[in-house]
Protein chains: 2
Amino acid sequence: MVTIRDVAKAAGVSLTTVSRAYNPKAVIRASTRERILAIAEELGYVPNLSARSLVTNQKFVLGVFFSNLRSGTPETFLSTVINSVYEVLPDDYLLSVNDIAHLTNFEARVQMRMAGVLVVSQSPADDAFIQRLAKAQIPTVVINRDLGEPNSYNVCSDDRLGVYQAMAYLAKAGHQRVGMIAGLPGYTSAQQRRQGFDDGVRDYGLTRVAEAMRPGDYSVQAGREQMTAILQLPAATRPSAVLCADDDTAVGALRACYQAGVSVPEEMSVVGFDDSIYAAMSVPALTTVKKPIVQMATAGITKLLALIAGENDAVVHKDVIAPSLIVRESIADRHK
Amino acid sequence: MVTIRDVAKAAGVSLTTVSRAYNPKAVIRASTRERILAIAEELGYVPNLSARSLVTNQKFVLGVFFSNLRSGTPETFLSTVINSVYEVLPDDYLLSVNDIAHLTNFEARVQMRMAGVLVVSQSPADDAFIQRLAKAQIPTVVINRDLGEPNSYNVCSDDRLGVYQAMAYLAKAGHQRVGMIAGLPGYTSAQQRRQGFDDGVRDYGLTRVAEAMRPGDYSVQAGREQMTAILQLPAATRPSAVLCADDDTAVGALRACYQAGVSVPEEMSVVGFDDSIYAAMSVPALTTVKKPIVQMATAGITKLLALIAGENDAVVHKDVIAPSLIVRESIADRHK
DNA sequence: CTGAAAGCGCTAACAA
DNA sequence: TTGTTAGCGCTTTCAG
């Protein structure tokens, strides 16, 4: 293994000078640095991060935590977030992917070794973990869920607005009677989406069909069951469109329609939320509100890196990103 | 920060003894070890891995590499593999998720810091990377692709057998005329699946419909286009079932049927491969061959840990795991 | 079974 | 702008 000594010897300088060559803010003559770096390169020298960590206490791992990898994590999240992180990850950092629900050995794995943590949070169940990070003074940014906590760093999407846009589209497409299959009770996202629905109904003068306002839990099963219930209503009193709290729910709803012989979108329009990978694949392809995962992840990781760099004052505590409507095939144009 | 010194002082022993308490194979009186561990626990001592690494040269990061996270990685892989790894990951290891196609700084990130690497390989494009790992002497296990290289450690699935089982099922369900939309030319998996198809046709006396033997590339688009082409055939000469090289292809095929007004499975049966997350969600739900990802990942990581532990002789170079058929709704029973 | 001492590769004062 | 020196926290000989 070639060490800093070897480079120093080869370059005819001291260890310190070599060390300085690798520290961007060290005082060193530019020509010296270049010469050293060239020689180091040639020798195949790679700085030993363990040694550096030992003395500087710096860490070179960025942790990304998901609420629960075994179930419930929209799969799209994983690859999207990981990709976004790599987009801006410094060259000597490693990216570690973890699962909050099944984490063991917080001290050794997180506290001792992670320079910062990006939490992709799905539910309040993560709060204990988030607080633990705060207590351990680990730079942390939480994305995907509105924490409603002014001291933390948080990036989330404006779900209310997203649904509101969908409602606008529905109204413009000539829909009048609408229903909704809700999200998990207690979840901020569920409340916000419901709010967007209610605001849309109000502002666009739509009719909320009481029997078609159904509970849900962000699952395919719920989507199927609740849509099946909605389809029991006589066609005349049924809503012409149902807003589903997320794409899983919508996929379930689509299945219910299929099984009931109700064609989508001709007899029933369905809207989702997330733009999960199912959305484009479903039959018919799902019109849905695209959650801005890429933007959240990018903004989050950028914040995080700034925090790690100690630029806390320059970092805004909260970003709210607007989702966008992705129009596919599951909403009928009733004007035709 | 509480260090080994603090523990030593509190326990009235030397640094060395504390160190030994943490090394399972060190010679130390059991009672001493217990006492020290208890005191350490109480003080909140956590061994500093940087320091340990510095002297022992051990690494405490396990790398998992995917061919390409930005596109083409079946999303199911990610969470499944990560979960399987955590199932057996030692408590002080970190799991780092990486992308072969976009990896930078191999030396600092991989060579210097990873104790071992699990490669989830999709294509021969990964070979250069795999060779680099070998050159750097990093314990490596490749899963998901048959490397056909006796010196490496490799876990893959018997795709031929999987398809063969599907063919058996098709034959038993009364299908006679069959077609196939193939995988990416040049890929081992594509060849193996084709082989399974051919073997099935031969052994079960089926009829291969020449016009329904189509090229493909493991994409939804290809599935749609090729199935559309197949559906041009007059119903009488069409196959009653089409085997798709993977689930993406099958989902595309399903869409083509939907758009052509051909009902699945009544008028056309479709089989996939992988058991991706789409499979259960599609309409109708896809009957498919389940790739044994969990088993491959578990076997792979177990092998890898053994290699890291230096037990090379005890590790079998190659495992081949049998896939299983998952019966859902996309194959018709023609006996009815 | 336990302790003393040396040193892993690097950075950070402090001098020069 | 560069070099000298003293550790960072730990493991590992080698004695005892």
Side-chain angles (χ1 to χ4, degrees), chain A residues 1-37 39-41 43-61 92-93 107-109 111-113 115 309-310, chain B residues 1-37 39-41 43-61 92-93 107-109 111-113 115 309-310:
Chain A
M1 178 193 227
V2 28
T3 78
I4 205 175
R5 298 185 95 85
D6 305 316
V7 180
K9 211 165 290 174
V13 294
S14 71
L15 304 190
T16 319
T17 307
V18 178
S19 174
R20 283 197 259 258
Y22 277 91
N23 185 323
K25 52 196 66 166
V27 194
I28 180 177
R29 190 192 290 142
S31 62
T32 315
R33 168 174 284 145
E34 281 168 31
R35 197 166 55 82
I36 292 178
L37 258 26
I39 294 177
E41 164 94 67
L43 293 180
Y45 167 71
V46 182
N48 183 325
L49 290 185
S50 295
R52 179 182 294 178
S53 285
L54 182 55
V55 36
T56 64
N57 243 320
Q58 273 180 94
K59 282 118 187 159
F60 296 95
V61 175
D92 43 9
Y93 274 72
E107 292 77 17
R109 292 220 249 229
Q111 196 162 339
M112 283 296 280
R113 299 168 69 190
Chain B
M1 180 192 226
V2 29
T3 78
I4 204 175
R5 298 186 95 84
D6 305 316
V7 180
K9 211 165 293 174
V13 295
S14 72
L15 306 189
T16 318
T17 306
V18 179
S19 174
R20 281 198 259 259
Y22 277 90
N23 185 323
K25 53 194 66 166
V27 196
I28 181 176
R29 189 193 292 144
S31 62
T32 315
R33 168 174 283 143
E34 282 167 32
R35 196 166 54 85
I36 292 178
L37 259 26
I39 293 177
E41 164 95 69
L43 293 180
Y45 168 72
V46 182
N48 183 325
L49 291 186
S50 296
R52 180 182 292 178
S53 285
L54 182 56
V55 35
T56 63
N57 243 323
Q58 274 180 94
K59 281 117 186 160
F60 297 95
V61 175
D92 42 9
Y93 274 72
E107 293 76 17
R109 293 218 249 229
Q111 195 161 339
M112 283 298 279
R113 300 168 67 191

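It should be emphasised that the depicted structure is a prediction, and the values quoted were computed from it without experimental measurement. Letters go in sequence order (proteins before strands), and every chain restarts at 1.
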Divergence of helical axes at both termini of the helix from C:dC1-D:dG16 to C:dA16-D:dT1 - five pairs an end, 10° steps | 30°

Smallest heavy-atom separation, A:F60 atom then B:R113 atom, equals O-NH2, 2.8 Å

What's the shortest heavy-atom distance between A:V2 and A:L43, and which atoms?
-> CG1-O, 3.6 Å

When you check the phosphate oxygens OP1 and OP2 of D:dC10, does a side-chain N or O of B:Y45 lie under 4.0 Å from one of them?
-> yes

What is the distance, to the nearest angstrom, from the [atom1] atom on [X] to the [atom2] atom on [N]?
X      : N     : atom1 : atom2 : answer
A:N48  : D:dG9 : CG    : P     : 17 Å
B:L49  : D:dG9 : CG    : P     : 14 Å
A:R113 : D:dG9 : CZ    : P     : 17 Å

B:Q58 meets the side chain to side chain donor-acceptor pair (under 3.5 Å) criterion, sequence neighbours left out, with B:T56

Hey, does B:V13 reach any base, or is it just sugar-phosphate, or nothing, if we go heavy atoms under 4.0 Å?
-> sugar-phosphate

For DNA chain C, find the residues of residues 25-36 of chain A with a heavy-atom distance under 4.0 Å and give them by number; none if there aren't any.
-> none

Show each protein N/O and nucleotides 4-8 of chain D N/O combination with a separation under 3.5 Å, one pair to a line.
from, atom 1, to, atom 2, distance (Å)
D:dT4, O4, A:T16, OG1, 2.8

First and last nucleotide of DNA chain C in contact with chain A, 5' to 3', at under 4.0 Å to a heavy atom: what are they?
-> C:dG9 to C:dA13

Quick one: OH on B:Y45 to CZ on B:R5, what's the gap to the nearest 0.5 Å?
-> 12.0 Å

Calculate, to the nearest 0.5 Å, the distance between atoms NZ and OG belonging to A:K59 and B:S50 respectively.
-> 8.5 Å

What residue pairs, at least two apart or across chains, pass side-chain hydrogen bond (donor to acceptor under 3.5 Å, both in side chains) with a residue in residues 16-34 of chain B?
-> B:S14-B:T17

